[in-house]
Amino acid sequence: MLDINFIRNNPDKVKQAIVLKHENAASIDQLLEVDAQRRSLIHTCEQLKNKRNEKSREVSELKKKGQDASIIIEETKKIGDEIKSYEEKIVGLESQINNLMLRIPNIPAADVPIGKDENDNVVVKSWGVRKTFDFTPLPHWELGSLLNILDLERSSKISGSGFILLKGLGAKLERALFSFMLDLHTSEHGYTELFPPFLVNRASMTGTGQLPKLEEDMYRTAVDDLFLIPTAEVPVTNIHRDEILSYKDLPLYYTAYTPCFRREAGSYGKDTRGIIRVHQFNKVELVKITKPETSYNELESLLGNAEKILQLLGLEYRVSKLCTGDMSFAAAKCYDIEIWAPGLGKYLEVSSCSNFEDFQARRINIRFRDENGKLRFVHTMNGSGLALPRTVIAFLETYQQKDGSVVIPNVLQSYMGGIKVIACK
RNA sequence: GGAGAGGUGGCUGAGUGGCUGAAAGCGACGGUUUGCUAAACCGUUGUAGGGACAAAAUCCCUACCCCGGGUUCGAAUCCCGGCCUCUCCGCCA
């Protein structure tokens with residue numbers, strides 16, 4: 001959510017930003033109009049309330065003296081009715097304003113490239129050397145069945161397409177990878193490990209921005225109106241909802257492993273083979289809550305923390321700065337990390353590291369008291385560190401050998417119980 | 001699931017219809033005193049919205065005692081609904 005005051009004072013800037021993000025700028029004029037109406041009604045209504053309070057005080061005085069107050073009481077009754085009708089109107093306007101505000105996207109940071117879609121993203125870094133094979137590398141789904149570690153036929157029997165059944169060393173590899181990630185982030189990068197709920201309420205989903213826009217993409221439990229989390233970002237960022245932190249508490253670094261649930265509505269037919277796009281996947285998430293002054297430095301180091309995983313695993317990747325048109329609704333600036341999958345012959349996104357500035361903090365109401373005792377909104381940011389299935393894809397495809405077996409690099413061997421190779425059965 | 005108790009400011013805790021935005025204490029901040037620390041004493045100590053002002057400082061108003069309704073001239077206080085916490089019982093990994 002943006003600051004309504006900022007919108008009032010800079011309507012053109014906001015409209016421009018909205019256009020860059022492919023949203024509808026007409027809502028701004030509507031918003032400003034409703035906002036003006038609201039303010040004028042509030043003004044009148046509060047004057048009436050003031051009058052009522054005065055009259056009530058008079059009643060109290062008269063009654064203390066034992067005098068009759070019935071005339072004033074009659075008058076005040078009428079004022080009360082008037083107030084009620086104003087209040088109803090105001091409530092209506094406020095819900096309109098709120099609805100509009102929740103649908104206005106964040107404004108891109110100044111150094112974000114202007115562009116239409118993913119083709120206008122700017123690659124800012126490439127890491128690793130493209131591995132060459134003296135055979136044709138297989139895609140992960142073929143390796144998966146060859147090694148008997150991935151069974152997509154049975155998982156679709158159990159749940160449907162878009163679900164994964166890992167078996168044996170495949171399951172162990174999954175566990176090894178997220179354990180490795182968590183250990184690195186906690187012991188080397190200073191994050192506090194969390195294990196949050198996987199079902200969250202509507203307020204939490206609204207706070208981080210999944211609602212109201214993306215409800216179709218979420219799994220929801222009808223009876224209790226709870227949502228399966230699409231990312232750990234939701235429970236973790238909401239930890240401090242409606243709280244006032246001290247500047248001494250900041251920055252906060254949190255990391256959490258959780259499964260993530262996404263309906264992927266509207267992406268049918270895309271990436272259907274293998275485990276590139278699935279409804280349930282594991283992810284280690286990085287979340288930071290910082291002071292505004294440091295947030296862009298913190299974003300860079302968060303990105304570095306995610307990259308470190310790939311560097312240690314020896315997987316080739318590149319980093320792009322997303323252009324205005326490709327950035328998510330809530331982001332002010334965003335980097336994508338894409339990992340090279342030799343079997344697929346393409347890059348796969350494994351992490352989006354975004355700074356939301358105070359956009360989420362405003363929705364979610366996380367403030368801090370700064371060195372001067374002033375209340376200000378914090379900045380929030382997050383990124384995957386990393387998403388598992390695609391890491392597994394690149395891992396299997398990169399470390400495959402001619403016979404289909406997969407070599408486990410040194411860093412991961414202890415997590416795999418000393419196993420050095422996932423061999424064919 | 002059944003039966004009770006309760007949710008008040010940063011915290012503890014008083015307040016059952018009328019200057020109560022809210023006693024008292026603690027904490028925090030500022031000051032006096034002091035060689036330093038401590039102690040003592042004095043003072044300050046919420047947030048949001050709206051308005052006045054060119055703007056800031058400032059001032060005025062309104063709202064907020066878990067949330068939402070209701071009763072009333074007037075609600076922290078009474079009534080109804082919801083959420084949450086605690087205790088006991090039952091069930092259960």
Side-chain angles (χ1 to χ4, degrees), chain A residues 1-10 31-102 195-207 211 220-227 235 238-250 252 259 289 358 361-378:
Chain A
M1 191 152 53
L2 297 176
D3 182 358
I4 181 92
N5 257 315
F6 181 83
I7 301 175
R8 280 177 197 148
N9 297 331
N10 307 279
L31 173 71
L32 291 175
E33 198 189 312
V34 180
D35 177 55
Q37 277 179 40
R38 170 180 164 270
R39 281 198 284 173
S40 120
L41 288 187
I42 281 181
H43 189 62
T44 328
C45 186
E46 288 190 344
Q47 280 180 336
L48 286 172
K49 282 183 181 172
N50 186 15
K51 211 174 187 182
R52 179 179 67 184
N53 290 344
E54 278 173 13
K55 296 271 180 194
S56 286
R57 251 171 262 141
E58 281 179 47
V59 171
S60 148
E61 296 290 318
L62 288 173
K63 288 209 166 168
K64 259 184 212 160
K65 290 182 202 155
Q67 292 172 350
D68 176 49
S70 53
I71 300 168
I72 300 181
I73 288 178
E74 276 310 306
E75 279 177 29
T76 316
K77 247 184 202 169
K78 276 181 205 150
I79 297 177
D81 292 341
E82 245 182 296
I83 289 174
K84 204 169 270 180
S85 88
Y86 273 105
E87 277 180 337
E88 275 165 22
K89 283 181 206 156
I90 291 168
V91 166
L93 293 177
E94 277 177 347
S95 82
Q96 271 187 59
I97 289 172
N98 206 25
N99 278 332
L100 289 167
M101 290 287 287
L102 288 177
F195 205 101
F198 302 158
L199 284 164
V200 298
N201 57 30
R202 194 168 274 277
S204 295
M205 290 290 270
T206 307
L211 298 184
R220 169 169 165 263
T221 67
V223 186
D224 300 300
D225 201 30
L226 293 173
F227 295 82
N238 273 282
I239 289 173
H240 296 292
R241 172 149 47 93
D242 293 322
E243 288 186 17
I244 295 171
L245 305 167
S246 160
Y247 68 92
K248 291 176 199 153
D249 301 330
L250 302 176
L252 290 167
I289 298 176
D358 63 5
R362 207 177 284 283
R363 281 185 175 231
I364 220 172
N365 195 25
I366 307 178
R367 291 173 294 173
F368 76 107
R369 214 172 272 286
D370 71 12
E371 289 84 341
N372 303 315
K374 271 210 170 138
L375 277 182
R376 297 160 67 196
F377 285 104
V378 298

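All of these numbers come straight from a predicted model, not from anything done at the bench. Here is the naming used below: chain letters follow the sequence lines, and residue numbers restart at 1 for every chain.
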Is there a Watson-Crick or G-U wobble partner for [N] with both distances under 3.5 Å, and which nucleotide is it?
N: rU20(B); result: none
N: rA52(B); result: rU58(B)
N: rA75(B); result: none
N: rA93(B); result: none
N: rC86(B); result: rG4(B)
N: rA39(B); result: none
N: rG68(B); result: rC80(B)
N: rG27(B); result: rU45(B)

Which residue lies more 5' along RNA chain B, comparing Lys49(A) with Ser40(A) via nearest heavy atoms: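 Closer to the 5' end of RNA chain B: Ser40(A).
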5′-ward residue of the pair Val59(A)/Asn5(A) relative to RNA chain B: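 Whichever sits nearer the 5' end wins; that is Asn5(A).
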In whole Å, measure the gap between the [atom1] atoms of [N] and [M] for me.
N: rG13(B); M: rC65(B); atom1: C1'; value: 13 Å
N: rG31(B); M: rG46(B); atom1: C1'; value: 23 Å
N: rU20(B); M: rC80(B); atom1: C1'; value: 25 Å
N: rC36(B); M: rU45(B); atom1: P; value: 29 Å
N: rC67(B); M: rC73(B); atom1: C1'; value: 26 Å
N: rG82(B); M: rA22(B); atom1: C1'; value: 26 Å
N: rG68(B); M: rA55(B); atom1: C1'; value: 40 Å
N: rA23(B); M: rU33(B); atom1: P; value: 30 Å

Rounded to whole Å, how long is the line connecting atom [atom1] of [X] with atom [atom2] of [N]?
X: Asp242(A); N: rC83(B); atom1: CG; atom2: C1'; answer: 14 Å
X: Asp225(A); N: rC83(B); atom1: CG; atom2: P; answer: 12 Å
X: Ile83(A); N: rC73(B); atom1: CD1; atom2: P; answer: 13 Å
X: Leu48(A); N: rG49(B); atom1: CG; atom2: P; answer: 22 Å
X: Arg369(A); N: rG9(B); atom1: CZ; atom2: P; answer: 15 Å
X: Lys78(A); N: rU72(B); atom1: NZ; atom2: P; answer: 16 Å
X: Glu94(A); N: rG68(B); atom1: CD; atom2: P; answer: 12 Å
X: Glu61(A); N: rG18(B); atom1: CD; atom2: P; answer: 13 Å

Answer yes or no: does a side-chain N or O of [X] lie under 4.0 Å from OP1 or OP2 of [N]?
X: Arg362(A); N: rA48(B); answer: no
X: Arg8(A); N: rG50(B); answer: yes
X: Arg367(A); N: rA48(B); answer: yes
X: Lys51(A); N: rG74(B); answer: no
X: Arg38(A); N: rG50(B); answer: yes
X: Asn50(A); N: rC61(B); answer: no
X: Asn53(A); N: rU62(B); answer: yes
X: Arg52(A); N: rC73(B); answer: no

What does [X] touch in the nucleic acid at a heavy-atom separation under 4.0 angstrom: a base, only the sugar-phosphate, or nothing?
X: Arg39(A); value: sugar-phosphate
X: Leu375(A); value: sugar-phosphate
X: Lys64(A); value: nothing
X: Ser60(A); value: base
X: Lys77(A); value: sugar-phosphate

Any donor-acceptor N or O pair under 3.5 Å, side chains Asp224(A), Thr221(A):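 The criterion, which ignores hydrogens and geometry beyond distance, is not satisfied for Thr221(A) and Asp224(A).
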Backbone of Ser246(A) reached by a side-chain donor or acceptor of Asp249(A) within 3.5 Å: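 Judged by distance alone, yes, a pair lies under 3.5 Å.
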Approximate separation, where rounding is to 0.5 Å, of Ser56(A) OG and Ile72(A) CD1: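 If we round to the nearest 0.5 Å, Ser56(A):OG and Ile72(A):CD1 are 9.5 Å apart.
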Interatomic spacing from NZ in Lys49(A) to CD in Glu46(A) - rounded to 0.5 Å: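 Answer for the NZ-CD pair, Lys49(A) versus Glu46(A), is 6.5 Å.
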side-chain contact (heavy atoms from CB on, under 4.5 Å) between Tyr86(A) and Ile42(A), worked out: CA-CA 8 Å; Tyr86(A) 273 105; Ile42(A) 281 181; over 6 Å; no
Side-chain donor/acceptor of Gln47(A) to base of rG51(B), under 3.5 Å: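 Between rG51(B) and Gln47(A), which were checked side chain against base, a qualifying N/O pair under 3.5 Å is absent.
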Asp35(A)/Arg8(A) under side-chain contact (heavy atoms from CB on, under 4.5 Å): CA gap, chis, key distance, verdict: CA-CA 9 Å; Asp35(A) 177 55; Arg8(A) 280 177 197 148; 2.6 Å; yes
CD1/Ile71(A): more than 12 non-hydrogen atoms of other groups inside 6.0 Å: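 Not more than 12 within 6.0 Å, no.
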Electrostatic pair Arg362(A):Asp358(A) at N-O distance under 4.0 angstrom: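 Salt bridge present between Arg362(A) and Asp358(A).
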Lys/Arg N to Asp/Glu carboxylate O, Glu371(A) vs Lys248(A), below 4.0 Å: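 Answer for the salt bridge query: no.
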From rU62(B), rU71(B), rG74(B), nucleotide with atom closest to Lys84(A) side chain: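 Selected nucleotide (nearest to the side chain): rU71(B).
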